[in-house]
Amino acid sequence: MSADALASFGDRPALIAGDGAVSYRDLAERVRARARELGPQRRLVMIHGGNASDAIVSYLAALEGGHVAWLVPDGGEGAPPPAAWLPPDVVVPRAGGLVELDRGSMHELHPALALLLGTSGSTGAPRLVRISHDGLLSNARAIASYLGITASDRAVTSLPMHYCYGLSVVNSHLVSGAALLLTERSVTDDGFWDLVREQGATSFAGVPHTFDLLDRVGFAQMELPSLRYVTQAGGRLAPERVRRYA
C-alpha cells in the first residue's frame with residue numbers, strides 16, 4: 001500500500017466521507033506530504049482517531065515512510081498507556097497535525113516492524129501485537145482474494161480502525177482500489193443505513209454483538225440492493241444464526 005500503488009488507481013474514489021470524496025491520486029499525494037512531515041528517521045508514530053480521512057492518511061504515511069504505526073482509539077482510551085517503557089516519538093491527535101515528543105527516535109525498532117495493535121485485554125490487560133509490513137500486505141491481499149473484492153466495491157466502516165478487524169477492512173479495500181465509506185455511526189443509527197443506500201455500500205463487517213443490534217433494527221426487512229456480502233469475526237456466532245443470516 002505504497003503511495004505509488006495507491007496512485008496507480010488514479011481518479012477512482014478511495015475515501016468517501018461527509019465532506020466529500022478523496023480519489024486515490026489525491027490520497028497518494030496526501031500520504032506523501034504527511035510522510036515528509038514525519039521525517040526521514042524511522043520513528044514510532046501513535047495515531048489517535050476513528051474512521052476519519054486524516055487518521056487513514058497518517059497511518060498510510062507512517063507505512064510509506066518506513067515508520068512504525070501505533071493505532072489507538074480516539075483519545076487513547078483503552079490503549080496501553082505510553083509509559084516509560086514505550087513512549088511514542090510522534091503523536092497524531094484527532095484534531096490533526098503532529099506532536100513530536102522526540103526529534104529523532106527513542107527506540108531501536110526492528111527492521112521488519114510496521115504496525116502495533118492493541119488486543120482487547122482478555123488476559124486482564126491490553127497487550128500490543130507486532131505486525132510486519134510483509135504480514136500486513138499479505139493479509140490484505142489474502143482477504144481481498146478470498147472475498148473477491150474489486151475496484152467497484154464500497155465498504156462502510158462499521159468497525160473502528162484501531163481494531164484489527166476494522167483495519168483489515170481498510171487494508172483489503174485499499175489494496176484492491178475499492179472505496180471506503182467513512183462513518184463512526186452505529187448500525188442502530190438511521191444515518192448509517194442512509195449512507196449505505198446513498199453511496200451504494202457493497203459490504204460491512206460485524207462482531208457477534210453487531211448481529212444482536214441488526215436484529216433490533218429489522219435488518220432482515222431492509223431494502224439494500226447494493227449489499228453484496230456481510231462478514232463476521234471477533235467471536236463465534238451461533239450456528240443457527242449463521243444459517244438464518246445466510
Side-chain angles (χ1 to χ4, degrees), residues 1 12-17 50-52 56 71 73-74 78 115 117-124 126-127 129 131 135-246:
M1 285 181 293
R12 296 197 65 87
L15 310 176
I16 300 173
N51 300 327
I56 291 178
L71 303 180
D74 186 15
L115 176 66
L117 283 177
T119 69
S120 60
S122 56
T123 58
R127 298 165 188 252
V129 176
I131 302 171
L136 188 155
L137 195 57
S138 175
N139 176 256
R141 288 172 173 164
I143 292 170
S145 174
Y146 179 81
L147 294 176
I149 299 172
T150 70
S152 62
D153 277 307
R154 293 185 167 198
V156 59
T157 55
S158 48
L159 297 170
M161 179 179 152
H162 67 267
Y163 172 42
C164 60
Y165 186 19
L167 185 62
S168 75
V169 174
V170 172
N171 293 336
S172 59
H173 282 73
L174 292 181
V175 82
S176 306
L180 294 168
L181 308 181
L182 302 182
T183 183
E184 294 179 331
R185 294 179 183 270
S186 165
V187 296
T188 61
D189 190 324
D190 289 342
F192 179 91
W193 299 108
D194 290 342
L195 177 66
V196 167
R197 296 185 186 92
E198 291 167 6
Q199 295 296 339
T202 59
S203 69
F204 69 88
V207 296
H209 180 59
T210 306
F211 289 80
D212 294 335
L213 300 177
L214 291 176
D215 285 343
R216 292 181 200 171
V217 298
F219 173 73
Q221 286 73 47
M222 290 184 184
E223 292 292 331
L224 305 168
S226 64
L227 192 64
R228 188 162 73 83
Y229 64 89
V230 178
T231 61
Q232 185 270 321
R236 182 173 182 266
L237 201 63
E240 62 272 14
R241 297 193 77 190
V242 173
R243 286 192 291 270
R244 179 160 59 85
Y245 272 92

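- The aromatic rings of F211 and Y245 sit perpendicular to each other, their planes meeting at more than 60°, with 30° as the lower class boundary.
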Give the C-alpha distance, both sets of side-chain angles, the deciding distance and a yes or no for side-chain contact (heavy atoms from CB on, under 4.5 Å) between R244 and D215. CA-CA 11 Å; R244 179 160 59 85; D215 285 343; 3.3 Å; yes
Starting from the C-alpha separation in whole Å, work towards a yes-or-no answer on side-chain contact (heavy atoms from CB on, under 4.5 Å) for F204 and L181. CA-CA 10 Å; F204 69 88; L181 308 181; over 6 Å; no
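- In this structure, L237 and Q232 approach most closely via the heavy-atom pair CB-OE1, 3.6 Å.
- The one candidate from N51, T157, D189 that meets the side chain to side chain contact (heavy atoms under 4.5 Å, CB included) condition with E184 is N51.
- In this structure, CG in N171 is found 11.5 Å from CZ in R141, a value given to the nearest 0.5 Å.
- In this structure a side-chain-to-backbone donor-acceptor pair under 3.5 Å is present from D153 to T150.
- Inter-residue side-chain proximity for L227 and F219 is flagged as met; some heavy-atom pair is nearer than 4.5 Å.
- To the nearest 0.5 Å, the span separating OG on S168 from CD1 on I143 amounts to 4.0 Å.
- Nearest heavy atom pair, residue S186 against residue F192, reads O-CB, 3.2 Å.
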Please lay out, stage by stage, how W193 and V187 fare under the test side-chain contact (heavy atoms from CB on, under 4.5 Å). CA-CA 7 Å; W193 299 108; V187 296; 4.0 Å; yes
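- Between the side chain of T202 and the backbone N or O of S226, no donor-acceptor pair lies under 3.5 Å.
- Distance CG/L15 to CD1/I56: 5.0 Å, rounded to 0.5 Å.
- Between the CG atom in L213 and the OG atom in S158 there is a gap of 11.0 Å [rounded to 0.5 Å].
- Contact record, P208 with G234: CD-O, 3.7 Å, taken as the closest heavy-atom pair.
- Minimum interatomic distance between Q199 and R154 (heavy atoms only, all atoms of both residues): O-NH1, 2.9 Å.
- Other residues, nucleotides and ligands place more than 12 heavy atoms under 6.0 Å from the CZ atom of R241.
- Residues meeting the side-chain contact (heavy atoms from CB on, under 4.5 Å) test with T231, sequence neighbours left out: L147, Y165, A205, Y229.
- The minimum heavy-atom distance between H173 and A155, with the atom names listed, is NE2-CB, 3.3 Å.
- Rounding to the nearest 0.5 Å gives a distance of 8.0 Å between OG of S172 and CG of L180.
- Two residues are said to be in side-chain contact when any heavy atoms from C-beta on lie closer than 4.5 Å; H162 and P73 meet this criterion.
- A salt bridge does not link R185 with D194: every distance from a Lys NZ or Arg NE/NH1/NH2 to an Asp or Glu carboxylate oxygen is 4.0 Å or more.
- By the 6.0 Å contact criterion, CD on E223 is open, its count of non-hydrogen atoms from other residues, nucleotides or ligands being 12 or less.
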Which is it for L224 and V196 under the side-chain contact (heavy atoms from CB on, under 4.5 Å) test, yes or no, and what are the steps along the way? CA-CA 8 Å; L224 305 168; V196 167; 4.0 Å; yes
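- The two atoms that bring T188 and V217 nearest to each other are CA-CG1, 3.7 Å, heavy atoms only.
- Within the 3.5 Å criterion, the main-chain N or O of A142 finds no donor-acceptor partner in the side chain of S145.
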